[in-house]
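Below is one structure, written out as structure tokens; the observations come after it.
Quick caveat, the model's predicted, so the values are computed rather than measured.
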Amino acid sequence: AEYMGSSVPLNVSNTIDQVIILRVKYMLTTQNQYSDALDILSSNCFPTIASDRNKLQELWYIAIEQREAAKIGRKLTPIEARKARLINPSPRNIGCSYAGNFCREYW
């Protein structure tokens, strides 16, 4: 069987939310594949993730920060990271579990 990394089979159903999230985390932490991670996060529904949508948003922002850091060739300063997050809010499919009351897009 073909494997992603050392222990996650690629033929596992790609529609299971936790498997998708695991793939995104793997991409961001070991492969620096922020572009692929952003594509996955923006194109899936995540129907089984309810109040944990903040975790999806966090993955989105990690990918955004990695992408912006790659563009300039260094780690972002906190101000640059905040600006990158504000310019690139998480997509609507990720949403916010609190209907906007505590979402990062509003600070």
Side-chain angles (χ1 to χ4, degrees):
E2 189 176 359
Y3 285 85
M4 177 180 68
S6 60
S7 61
V8 181
L10 287 176
N11 63 353
V12 171
S13 173
N14 288 331
T15 60
I16 300 171
D17 288 346
Q18 295 303 328
V19 172
I20 295 170
I21 292 169
L22 178 63
R23 288 182 64 212
V24 169
K25 286 180 178 180
Y26 177 79
M27 289 175 178
L28 294 175
T29 58
T30 64
Q31 303 296 309
N32 203 30
Q33 295 176 327
Y34 48 84
S35 186
D36 292 337
L38 290 169
D39 288 343
I40 289 171
L41 288 169
S42 65
S43 64
N44 284 280
C45 177
F46 303 103
T48 64
I49 307 298
S51 62
D52 283 343
R53 291 200 172 268
N54 60 328
K55 293 178 184 173
L56 296 173
Q57 288 177 314
E58 185 65 30
L59 292 172
W60 176 264
Y61 292 124
I62 289 169
I64 290 295
E65 290 176 24
Q66 284 184 3
R67 183 185 71 189
E68 297 304 310
K71 284 181 184 177
I72 61 174
R74 62 172 170 74
K75 187 175 178 174
L76 300 177
T77 66
I79 292 172
E80 291 169 331
R82 181 179 185 275
K83 182 178 178 183
R85 291 190 302 268
L86 289 174
I87 292 171
N88 301 281
S90 60
R92 295 184 65 87
N93 67 303
I94 290 177
C96 179
S97 57
Y98 300 106
N101 291 336
F102 302 103
C103 291
R104 292 176 185 234
E105 284 79 14
Y106 298 96
W107 48 263

> Does some side-chain heavy atom of Trp60 sit less than 4.5 Å from a side-chain heavy atom of Ser42?
Replying inline: yes
> Only one of Glu65, Gln66, Met27 clears side-chain contact (heavy atoms from CB on, under 4.5 Å) with Tyr34; which?
Replying inline: Gln66
> What are the two closest heavy atoms between Leu86 and Pro89, and how far apart are they?
Replying inline: O-CD, 3.7 Å
>> I need the Leu38 CG to Ser43 OG distance, nearest 0.5 Å.
In response: 10.5 Å
>> Measuring from atom CD1 of Ile94 to atom SG of Cys45, what distance do you get when rounded to the nearest 0.5 angstrom?
In response: 11.5 Å
> Using a side-chain heavy atom cutoff under 4.5 Å and only I, L, V, M, F, W and Y, what cluster partners does Ile72 have?
Replying inline: Leu76
>> Could you report the tightest heavy-atom contact between Phe46 and Leu41, atom names first, then the distance?
In response: CE1-O, 3.6 Å
> When rounded to the nearest 0.5 angstrom, what is the spacing between CD1 in Ile20 and CG in Asn44?
Replying inline: 4.0 Å
> If only atom types and distance count, is the side chain of Arg23 paired as donor or acceptor with the main-chain N or O of Ala37 below 3.5 Å?
Replying inline: no
> How far apart are the closest heavy atoms of Ile64 and Ala84, and which atoms are they?
Replying inline: CG2-O, 3.7 Å
> Can you name the residues that form a side-chain contact (heavy atoms from CB on, under 4.5 Å) with Lys25, not counting sequence neighbours?
Replying inline: Ile21, Leu59
>> Filter on side chain to side chain donor-acceptor pair (under 3.5 Å), then keep only pairs touching residues 67-77, sequence neighbours left out; what's left?
In response: Arg67-Asn88, Glu68-Lys71, Arg74-Glu80, Thr77-Glu80
>> Just to verify, what does Lys55 make a salt bridge (charged side-chain N to carboxylate O under 4.0 Å, His left out) with, not counting sequence neighbours?
In response: Asp52
>> For Thr48, give me all partners under side chain to side chain donor-acceptor pair (under 3.5 Å), at least two apart in sequence or on another chain.
In response: Asp17
>> Distance check, rounded to the nearest 0.5 Å: Asp39 atom CG versus Gln33 atom CD?
In response: 11.0 Å
> Residues in side chain to side chain donor-acceptor pair (under 3.5 Å) with Gln31, at least two apart?
Replying inline: Tyr26
